[in-house]
Asks: 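I'd like to ask you about the structure that follows.
Quick note: numbers below take in every heavy atom, side chains included, and nothing from hydrogens, waters or symmetry partners.
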Amino acid sequence: MDLSDAALLLAAGLAAGTVNAVAGGGSLITFPALIAVGLPPVPANVTNSVSVFPGYVASVAGSRADLPPARRMARLVHTTIAGTVVGCLLLLATPARDFQLVVPFLVLGATAVLALQDPLRRLVGHPAGLSPRRRTVTVQAMVGLGAVYGGYFGAALGVMLVAGLALVLDATLARVSAIKNLLSAVVGLTTLVVFALFGPVNWAAAAVVAPATLVGGYAGARLVRRLPPVVLRTLIVVFGTVIGLYLLWRALR
């Protein structure tokens, strides 16, 4: 790795950490950068998953004031770990082509759910009107599916988590974003452990990208706390739409 490669990865990590904290989708910055410096696709994907983890941790630190009590998050954390392990094993054991064709539609669908949150709530019912059991099952299902996706591919995980959680939780968007940050960090830690043991990680590239995502993640999380809900939702919808269309173009080319 020469100096220009390191500079590219550093800039990509800083931008990705910020984007992940605000909306999600930072992997679409770091993954192409890792490809550009010469990594094959699978090592680049695995190295990317390991590299963005510090940025998620920094996002949690920046948004910790908006998190629910720890005891309320424990079950979601357990579900996240289990789902992520399943996703990681799928990545290591199966061809990615078929899933890559589905991913753009998942991202665009999640973005549409967030954009149409209020009409959908009127259609399926506001979270406050759901029974505690139904609300718990629905939230666990959303988190579990998101974690499988995060372990397998990960790009736009934040968009998908925010869209799903905002539909089924009676909470402010800032709190939903804080929960998203914590669950994304759990996904990141789980993928780091699995891929460090079994995946082809390029540790030199990870050592450059990871510290940059740490700085960007904290700055992005602090920014989110200052944004009005309508602005934050608009940013996430715009990011999600751009990411989904980019993934669709890449899958079909």
Side-chain angles (χ1 to χ4, degrees), residues 20 23-25 27 49 56 59-60 63 66-91 93-94 98-191 194 233 236-237 240 243-244 247:
N20 277 338
S27 291
S49 296
Y56 290 137
S59 299
V60 174
S63 60
D66 292 312
L67 281 170
R71 58 183 175 79
R72 291 175 56 188
M73 292 299 300
R75 290 183 179 178
L76 293 182
V77 168
H78 295 155
T79 301
T80 302
I81 294 172
T84 305
V85 170
V86 171
C88 290
L89 295 178
L90 285 173
L91 174 64
T94 62
D98 291 343
F99 193 81
Q100 287 176 349
L101 290 173
V102 175
V103 164
F105 298 100
L106 294 177
V107 175
L108 291 171
T111 303
V113 167
L114 184 61
L116 302 173
Q117 178 183 327
D118 291 335
L120 285 173
R121 276 185 168 178
R122 288 194 292 269
L123 180 64
V124 303
H126 194 279
L130 300 177
S131 68
R133 180 179 176 81
R134 183 180 175 187
R135 185 164 56 245
T136 298
V137 170
T138 304
V139 172
Q140 290 286 347
M142 288 283 190
V143 170
L145 291 173
V148 172
Y149 172 84
Y152 192 100
F153 189 68
L157 172 62
V159 175
M160 300 185 76
L161 286 176
V162 168
L165 292 173
L167 187 63
V168 299
L169 289 180
D170 185 20
T172 65
L173 199 55
R175 168 156 284 193
V176 168
S177 182
I179 295 171
K180 175 264 296 182
N181 289 339
L182 177 59
L183 298 182
S184 296
V186 174
V187 170
L189 177 59
T190 307
T191 56
V194 173
R233 181 179 287 105
I236 298 173
V237 168
I243 291 165
L247 287 172

Asks: If you compare all heavy atoms of V60 against all heavy atoms of A185, which two are closest, and at what distance to 0.1 Å?
Replies: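 Nearest heavy atoms, V60 then A185: CG2-CB, 3.9 Å.
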Asks: Indicate every side-chain donor-acceptor pair of residues 72-90 with a distance under 3.5 Å to a residue at least two apart or in another chain.
Replies:
residue, atom, partner, partner atom, Å
T79, OG1, R75, O, 3.1
T79, OG1, Q140, OE1, 2.3
T80, OG1, L76, O, 2.7
T84, OG1, T80, O, 2.7

Asks: Taking only residues two or more places apart in sequence or in another chain, which ones pass side chain to side chain contact (heavy atoms under 4.5 Å, CB included) with L108?
Replies: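 L108 satisfies side chain to side chain contact (heavy atoms under 4.5 Å, CB included) with L245 once adjacent residues are dropped.
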Asks: Find the distance between CE (M142) and CG (L183) and round it off to the nearest 0.5 Å.
Replies: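 Rounded to the nearest 0.5 Å, the CE-CG separation comes to 13.5 Å.
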Asks: Using residues 160-168 as the side-chain source, report each donor-acceptor pair under 3.5 Å to any protein atom, sequence neighbours left out, with the distance given to one decimal.
Replies:
none

Asks: Got a sec, which residues hit side chain to side chain contact (heavy atoms under 4.5 Å, CB included) with S177, two or more places apart in sequence or on another chain?
Replies: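 For S177 the side chain to side chain contact (heavy atoms under 4.5 Å, CB included) partners, ignoring immediate neighbours, are K180, N181, V224.
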Asks: Could you tell me which non-hydrogen atom of G151 sits nearest to which non-hydrogen atom of T191, and how far apart they are?
Replies: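 Nearest pair, atom of G151 first, then T191: CA-CG2, 4.0 Å.
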Asks: Check side chain to side chain contact (heavy atoms under 4.5 Å, CB included) between R71 and all other residues, then give those that pass, not counting sequence neighbours.
Replies: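 Listed in chain order: P69.
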Asks: Of all heavy-atom pairs between A178 and S63, which one has the smallest distance, and what is that distance?
Replies: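 Shortest heavy-atom contact: CB-O, 3.6 Å.
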Asks: Which heavy atom in T190 sits nearest to a heavy atom in V186, and how many Å separate them?
Replies: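 Smallest interatomic distance, heavy atoms only, reads OG1-O, 2.8 Å.
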Asks: Mind checking side chain to side chain contact (heavy atoms under 4.5 Å, CB included) for T172 and listing every partner two or more places apart, or none if nothing turns up?
Replies: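 Residues passing side chain to side chain contact (heavy atoms under 4.5 Å, CB included) with T172: A174, R175.
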